[in-house]
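Take a look at the structure below.
Residue numbering restarts at 1 for every chain, and letters A, B, ... go by the order of the sequence lines.
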Number of protein chains: 2
Amino acid sequence: MQNRPARSARVTITDVGAAAGVSPATVSRVLNGTARVEESLALRVQQAVAELGYRPNAAAQGLARGQWETIGVLVPDLANPYFPDVLKAVSAVARSNGRRMLVMESDEDPTVEHELVEDLMRCCDGVLLCSPRMPRAELAELAARDHPMVLFNRVEPGLSVPSISVDFHGGMTAICGHLAQLGHRRAIYLAGPEASWANSERIRAFSSARAFGLEVTVVPCGATSQAGYDAVALAEGSRLGDRGAVFDDGVTAVMTYNDLVAFGALMRLRELGVDVPGEISVTGFDDISLDRVAHSNLTTVSVPRDELGRQAGEMLEQLLTKGYDAEPRYLPMELRVRDTTGRGPVP
Amino acid sequence: MQNRPARSARVTITDVGAAAGVSPATVSRVLNGTARVEESLALRVQQAVAELGYRPNAAAQGLARGQWETIGVLVPDLANPYFPDVLKAVSAVARSNGRRMLVMESDEDPTVEHELVEDLMRCCDGVLLCSPRMPRAELAELAARDHPMVLFNRVEPGLSVPSISVDFHGGMTAICGHLAQLGHRRAIYLAGPEASWANSERIRAFSSARAFGLEVTVVPCGATSQAGYDAVALAEGSRLGDRGAVFDDGVTAVMTYNDLVAFGALMRLRELGVDVPGEISVTGFDDISLDRVAHSNLTTVSVPRDELGRQAGEMLEQLLTKGYDAEPRYLPMELRVRDTTGRGPVP
DNA sequence: CTGTTAGCGCCTTCAT
DNA sequence: ATGAAGGCGCTAACAG
């Protein structure tokens, strides 16, 4: 039964040295392979280590080496099914480089976000920052800290912070193109968080869509399944009276900020007895694999989550070891046409 | 443009002291509120801190204080939708106690698991260990390390490690009772990982189920949606020829290791045109909220994930500050009867 | 090849 | 109330 609040009497490198009859420096050398030491001594050291159950103290190592062997990742919401895959990949890369991964969650709260990043910087060699909503100025200030950092899922041009992201604009363009080709002429977009870069990138695609004959109306919504459900319920409340149509005149497609929103919208549409894709086409965004499980067979665009995590991790590692990597990276999205989109009114 | 591989010339507490015209000790005191210092000095210190952009070095603090202000969590699989909610809660508790949360993933690999726990112990004040499959002996060895640790989702009686878990046995008993009352007499159980404690706890419920007239056959399966799908496909392959029934004679219910498996099974059953719950009843386990999105309305038992994370975090904190907390905690599960279970053959 | 020495940055007695 | 000094455990020059 243990009963020591803080910590027990730890065995140090000096103890090991004493037990093995060598200096602490030699112990350090055999442990880290820093220099050749005679077989016999090395053996004695290893025995002593085993017998005493010695474990190097990470803080002391960190202090002496000026490194923590740790990278930090800040994500807005751990429960977002988008992140686990990314984190898995980041963690794998980190591990293969001999580093741990420290994860923090900002709960989408921009005020704590800043504080958390600072804390991460204090205890990690490098930081992977996924902060869609942080004001650019604040980001700039953080960047000025001159601490290794990689921006993730967000690109801020002249900010001298390496960044990696997904080509959201291209993804949404693909969706618009798909709908336009199916003959859709009017669509609504259930928008994500307003301040989010990811959201504005998607919206940016709509101007070119107009050129191809697809008119998009942006409707504030959110990022959750519930938000999608509610948005449709709302539209229904205000429109259904008109002439039985759920949406405004001529709207035959609903695009969404992400798959979750799409699922929620689909659920509500299904409850309303709306035929998808007969009357209304619905598209998602992200292709969270949940779809396999939901049987909804949502048409969407997929983001290569593990590739994203892998490359992000590698960029950070490169930053840590080789220095600054200038060019921002964009990963392409792929259109996944499935069962929730069909022909529009103009064949 | 930065270009320094490791780290820049950090500003230390001594620099601050020099700038403020006080000793480093005084700086430390105002920063930590360890002792009273004169207003004017404190003010000068704070100014210097701000101007120089001083940030305390976490490693040095850790070394000096013998604490890291960090807790470590090891989970088998980040992508398991079960964990994010738990982690959120743990993280919140940790933060409210002034600690960070370090997350690691073992990838269900028992060999790295051990290594990761050891690493966590080296750099965290305490460890939250979710390791369903680790052999008891190994666990005992880790426990003997005498490092603050709380077992999570697993209970090992005489191991002098505080543990918190969900009453899986009670949950499965509730499911069996539900099915039995509906008149089911024969069921199969699509089992999870063999070595897993969580799995054996579920299976333990079947012996009492027999007393209530429900005969359960355990079928090896797995923990994923895919595994559930495949298990049904397999059963179909070997049985369908007989007399059109998917399963063995008289089997009218399928219980599963978790919701994911159930989703997979449901998907396959749906493809086969089997009526659920008309012909076959299906039950899940865990109640991952994904269900809202999947429209499957799965009958299942729910685990209070955030409560679990919250209490686990608090147990660890208590262990860290007050010492050993003896009694293992079990959180109850709640039966959620939804649409995938119906009357059995014996009304 | 090995031991000695001097920090890494901070905290904390101990004097003052 | 403040400063000086030693130490946390480890690493990395520097001698030998």
Atom pairs, N/O to N/O, protein against nucleotides 14-16 of chain C, distance under 3.5 Å?
none

Going by side-chain contact (heavy atoms from CB on, under 4.5 Å), name the residues that satisfy it together with [X], two or more places apart in sequence or in a different chain.
{"X": "A/S165", "value": "A/N153, A/V155, A/F168, A/W197"}
{"X": "B/S28", "value": "B/I13, B/N32"}
{"X": "A/S23", "value": "A/A25, A/T26"}
{"X": "B/E115", "value": "A/R95, B/V112"}

Going through the checks in order, is the side chain to side chain donor-acceptor pair (under 3.5 Å) test met by A/Q318 and A/E314?
CA-CA 6 Å; A/Q318 184 176 334; A/E314 280 167 1; over 6 Å; no
Show your working on side chain to side chain contact (heavy atoms under 4.5 Å, CB included) between B/M104 and A/M101 and close with a plain yes or no.
CA-CA 7 Å; B/M104 287 196 187; A/M101 178 185 72; over 6 Å; no
Base, sugar-phosphate or nothing for B/V22? Non-hydrogen atoms, less than 4.0 Å.
sugar-phosphate
Classify B/P24 by what it touches in the nucleic acid, base, sugar-phosphate, or nothing, heavy-atom distance under 4.0 Å.
nothing
Residues which pass salt bridge (Lys or Arg N to Asp or Glu O under 4.0 Å) with A/E105, listed by chain and number, not counting sequence neighbours:
B/K88
Distance test, side-chain N/O of [X] to OP1/OP2 of [N], below 4.0 Å:
{"X": "B/S23", "N": "D/dG3", "answer": "yes"}
{"X": "A/Q61", "N": "D/dT11", "answer": "yes"}
{"X": "B/S28", "N": "C/dC11", "answer": "yes"}
{"X": "B/T26", "N": "D/dG3", "answer": "yes"}

Would you mind reading off the distance between [X] atom [atom1] and [N] atom [atom2], rounded to a whole angstrom?
{"X": "A/N57", "N": "D/dT11", "atom1": "CG", "atom2": "P", "result": "10 Å"}
{"X": "A/E69", "N": "D/dC10", "atom1": "CD", "atom2": "P", "result": "14 Å"}
{"X": "B/R122", "N": "D/dC8", "atom1": "CZ", "atom2": "P", "result": "19 Å"}
{"X": "A/D15", "N": "D/dC8", "atom1": "CG", "atom2": "P", "result": "11 Å"}
{"X": "B/L63", "N": "C/dT12", "atom1": "CG", "atom2": "C1'", "result": "13 Å"}
{"X": "B/R55", "N": "C/dC10", "atom1": "CZ", "atom2": "C1'", "result": "17 Å"}
{"X": "B/Q67", "N": "C/dC10", "atom1": "CD", "atom2": "C1'", "result": "15 Å"}
{"X": "A/W68", "N": "D/dT11", "atom1": "CH2", "atom2": "C1'", "result": "15 Å"}

Can you give each donor-acceptor pair under 3.5 Å made by side-chain atoms of residues 47-55 of chain A, sequence neighbours left out, with the distance rounded to 0.1 Å?
| residue | atom | partner | partner atom | Å |
| --- | --- | --- | --- | --- |
| A/R55 | NH1 | B/E118 | OE2 | 3.0 |

Nearest to the B/Y54 side chain among C/dC10, C/dG3, D/dG9, which nucleotide is it?
C/dC10
Go through C/dC10, D/dA4, C/dC8 for me and flag the one nearest to the B/A25 side chain.
D/dA4
DNA chain C contacts among residues 30-48 of chain B, heavy-atom distance under 4.0 Å:
B/N32
Show me the donor-acceptor pairs within less than 3.5 Å that the side chains of residues 34-44 of chain A make with the rest of the protein, sequence neighbours left out.
| residue | atom | partner | partner atom | Å |
| --- | --- | --- | --- | --- |
| A/R44 | NE | A/A20 | O | 3.1 |
| A/R44 | NH2 | A/A20 | O | 2.8 |

Residues in side chain to side chain donor-acceptor pair (under 3.5 Å) with A/Q61, at least two apart?
none
Please name the pair of heavy atoms, one in A/V303 and one in A/Y82, separated by the smallest distance, quoted to 0.1 Å.
CG2-OH, 3.6 Å
Side-chain donor-acceptor pairs of residues 134-143 of chain A under 3.5 Å, sequence neighbours excluded:
| residue | atom | partner | partner atom | Å |
| --- | --- | --- | --- | --- |
| A/R136 | NE | A/E156 | OE1 | 2.7 |
| A/E141 | OE1 | A/H114 | NE2 | 3.0 |
| A/E141 | OE2 | A/R145 | NH1 | 2.9 |
| A/E141 | OE2 | A/R145 | NH2 | 3.4 |

Can you pull out how bent the helix from C/dC1-D/dG16 to C/dT16-D/dA1 is, comparing the axes over its first five and last five pairs, to 10°?
40°
